[in-house]
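Take a look at the structure below.
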Amino acid sequence: MSTSHAVVVGGGIAGLSAARVLARSGVRVTVLEGSPRIGGKLRVSEIAGIPVDEGAEAMLARRPEGLDLVDELGRGDDLVHPGTTSSAIYSRGALRRFPAGQVMGVPADLRALAASRVLSPAGLARVPLDLVLPETPHGDDVSVASFIGARLGREVVDRLVEPLLGGVYAGRADLLSFEATLPGVAAAARTNRSLIGAVRGVRDAAPTNQGPVFATLPGGLGALPQLVADDVVAAGGTVRTGATVRELRRRDGGWRLTIGPTRDPEYLDADAVVIAVPAAPASRLLAAEVPAAARQLAGIEYASMAIVTLAYRTSAFPRLPKGSGYLVPAVESDPRRGGKGVKAVTFSSIKWPHLRDGDPDVIAVRCSIGRFGEERTLQRSDAELAAIARAELAATCGVTEAPAESRVSRWGGGLPQYNVGHADRVAAIRAAVAAEPGLAVAGAAYDGLGVPACIASARAAATRILDDLCSREGAEQ
Ligand SMILES: Cc1cc2nc3c(=O)[nH]c(=O)nc-3n(C[C@H](O)[C@H](O)[C@H](O)COP(=O)(O)OP(=O)(O)OC[C@H]3O[C@@H](n4cnc5c(N)ncnc54)[C@H](O)[C@@H]3O)c2cc1C
């Protein structure tokens, strides 16, 4: 295998993870990252002297891939878990505890739902109709809002499901695919007339005592890419930054990549290529050789968002928050509906107690702004976005003091939208790519945008490349 050269385009967590598998299997690997730094949506920097993530901050610990990677890097013992996962939702003019007994906001426990007072009396009264309504067809795919709204009423969609999905996709329940964004619930709903019954089944089937839900590294999840890159280099691979790939063409049974500016191009030949970039650049790169995949990739839309991080002295809080944060439904926060724009608040120093070890007097708070279709909100200056975040905390936590420091991290086109038809689109992309020997795709655009899912897609891509290279080298001998 050592004679083969594989190029991985994109130095986010997917590209680096794929490169690591390839390098450790003896393949000569080059990672080409267009920006000046590796990591993509994983980035950490200090604010008021403590490391707080600017992008992804929590890795799901209920899937193995992220934890396994950290373990394999010899850092498993370093992993830290949230001090609390209790969260709230701003609904009907007040912060209310998120109701227990739900799956991605779809309620299984109607008493807990009533006690939370998240829904209006009319909205709450509508929910149990699900138990008597005839079956709701969902064909190949439907939107989250149309299926869940038909079963449980629009308020469940607006005030529970969409805010939770918004935390993952920054998307709209009217557009997001039921099958792609809630696969477990959608599968259960195929065999259960009642959605409440289906979700009860999903909850009953989940193992108990699963341990912590989330994990991160003490220096932030943004520290993970460098650990992976170091391992790639230790295994003989190369990681280049500032190397934007502009073109991918077939050449002598392998591939030729064009890197850098048109006036001064550089060419790199490879036996195999993993494309681990977001859908738009992946579409451009595949346009010449795999147009069927490129067309489908061009149809995947992205939401932009910004994270405003504010670092306060503890004394700024009349009462320190107890929970990890809260969500604000679009019906309460959408600027087009008169809201202020913040869609989620994370009390980072409460959620991650290790942050207070650095400086017990600093409370870092992350405010997320921007959903799919709210791009105008993000056209404001950093100072204006910080002011929106400060006003939010003043309103809900009574924090009127100025923060010691603030930071705005913008994520233009940060989150792929798994809209209705996503699974078919991905199947078409995969089929077109599978027909090309020595080519694979990986990353957030396909089968899950969480960090563990990206690592899983990277491993699958690397396995495919290894199989291709093996059969090719076997044929040449
Ligand atoms: C604000 C925010 C918060 C999030 N929070 C969480 C969270 O808490 N938990 C979680 O699990 N997930 C979270 N996510 C999602 C998760 O972080 C991402 O889906 C995941 O990191 C994407 O990894 P990736 O490698 O697929 O893509 P990316 O991170 O986008 O990496 C792709 C890389 O390719 C590079 N590139 C693009 N075009 C080219 C080219 N032509 N040539 C060379 N390089 C190129 C880019 O510069 C980039 O570095 C969050 C995402 C965002 C935006």
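Below, each value reflects all heavy atoms present in this structure, side chains not excepted, and no hydrogens, waters or symmetry copies. None of the values given here were measured: they were computed from a predicted structure.
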To the nearest 0.5 Å, tell me how far [X] [atom1] sits from [Y] [atom2].
| X | Y | atom1 | atom2 | value |
| --- | --- | --- | --- | --- |
| L165 | L160 | CG | CG | 11.0 Å |
| W411 | R43 | CH2 | CZ | 4.0 Å |
| S457 | I13 | OG | CD1 | 10.5 Å |
| L355 | I350 | CG | CD1 | 10.0 Å |
| D230 | L73 | CG | CG | 9.0 Å |
| E392 | K343 | CD | NZ | 12.5 Å |

Indicate every side-chain donor-acceptor pair of residues 174-188 with a distance under 3.5 Å to a residue at least two apart or in another chain.
from	atom 1	to	atom 2	distance (Å)
D174	OD1	R154	NH1	2.9
D174	OD2	R154	NH2	3.2
S177	OG	D141	OD1	3.2
S177	OG	D141	OD2	2.7
S177	OG	E179	N	3.2
S177	OG	A180	N	2.8
E179	OE2	H138	ND1	3.3
E179	OE2	R190	NH2	2.7
T181	OG1	S177	O	2.6

For [X] and [Y], which heavy atoms make the closest approach, and how far apart are they?
| X | Y | answer |
| --- | --- | --- |
| L42 | A56 | CD1-CB, 3.8 Å |
| V433 | V290 | N-CG1, 4.3 Å |
| V80 | L217 | CG2-C, 4.0 Å |
| G253 | R250 | O-NH1, 3.5 Å |
| P82 | P353 | C-CD, 4.3 Å |
| S143 | A173 | CB-O, 3.7 Å |

More than 12 heavy atoms of other residues, nucleotides or ligands under 6.0 Å from [atom1] of [X]: is that the case?
| X | atom1 | value |
| --- | --- | --- |
| D204 | CG | yes |
| R75 | CZ | no |
| D77 | CG | no |

Are any non-hydrogen side-chain atoms of [X] and [Y] less than 4.5 angstrom apart?
| X | Y | value |
| --- | --- | --- |
| Q226 | I38 | yes |
| E374 | I369 | no |
| R366 | V52 | yes |
| V31 | T238 | no |
| L221 | M59 | yes |
| D382 | R410 | yes |
| I259 | T244 | no |
| T30 | V8 | no |

Show every salt bridge (charged side-chain N to carboxylate O under 4.0 Å, His left out) that has at least one partner inside residues 12-21, sequence neighbours left out.
R20-E72, R20-D231
Please list all pairs passing the salt bridge (charged side-chain N to carboxylate O under 4.0 Å, His left out) test where one or both residues lie in residues 56-69, with sequence neighbours left out.
E57-K351, R63-E65
Looking at E54 and K41, does any basic side-chain N land under 4.0 Å from a carboxylate oxygen?
no
Salt bridge check, R464 against D468: does any charged N sit closer than 4.0 Å to a carboxylate O?
yes
Show, in sequence, the C-alpha distance, side-chain angles and deciding distance for I363 and V365, and conclude whether the side-chain contact (heavy atoms from CB on, under 4.5 Å) test is met.
CA-CA 6 Å; I363 300 293; V365 183; 4.2 Å; yes
Starting from the C-alpha separation in whole Å, work towards a yes-or-no answer on side-chain contact (heavy atoms from CB on, under 4.5 Å) for R430 and Y446.
CA-CA 9 Å; R430 292 224 181 273; Y446 308 98; 3.4 Å; yes
Those residues that, when tested against S86, pass side chain to side chain contact (heavy atoms under 4.5 Å, CB included) (two or more places apart):
T84, R97
Provide the full list of ring-ring contact (aromatic ring centres under 6.0 Å, His included) pairs with a residue in residues 422-442, sequence neighbours left out, each pair given once.
Y418-H422
Cation over ring face, R249 and W255, 6.0 Å, 45°
no
In terms of relative ring orientation, are Y326 and F347 parallel, tilted or perpendicular, with 30° and 60° separating the classes?
tilted
Show me the donor-acceptor pairs, under 3.5 Å and distance only, between side chains in residues 292-305 and residues at least two apart or in other chains.
from	atom 1	to	atom 2	distance (Å)
Q296	OE1	R425	NH1	3.3
Y302	OH	A279	N	2.9
S304	OG	G413	N	2.7

One pair to check against side chain to side chain donor-acceptor pair (under 3.5 Å): R459 and S17. What are the steps and the verdict?
CA-CA 7 Å; R459 291 197 168 170; S17 303; over 6 Å; no
Regarding [X] and [Y], is there a side-chain donor-to-acceptor distance under 3.5 Å anywhere?
| X | Y | result |
| --- | --- | --- |
| D361 | T314 | yes |
| T262 | R246 | no |
| S35 | E33 | yes |

Are S4 and R28 close enough, and set up right, to give a side-chain contact (heavy atoms from CB on, under 4.5 Å), and what steps lead you there?
CA-CA 6 Å; S4 301; R28 189 161 65 87; over 6 Å; no
Is the backbone of G166 close enough, under 3.5 Å, to the side chain of R172 for a donor and an acceptor to pair up by distance?
no
Can V106 and V161 be said to form a side-chain contact (heavy atoms from CB on, under 4.5 Å), step by step?
CA-CA 6 Å; V106 185; V161 179; 4.0 Å; yes
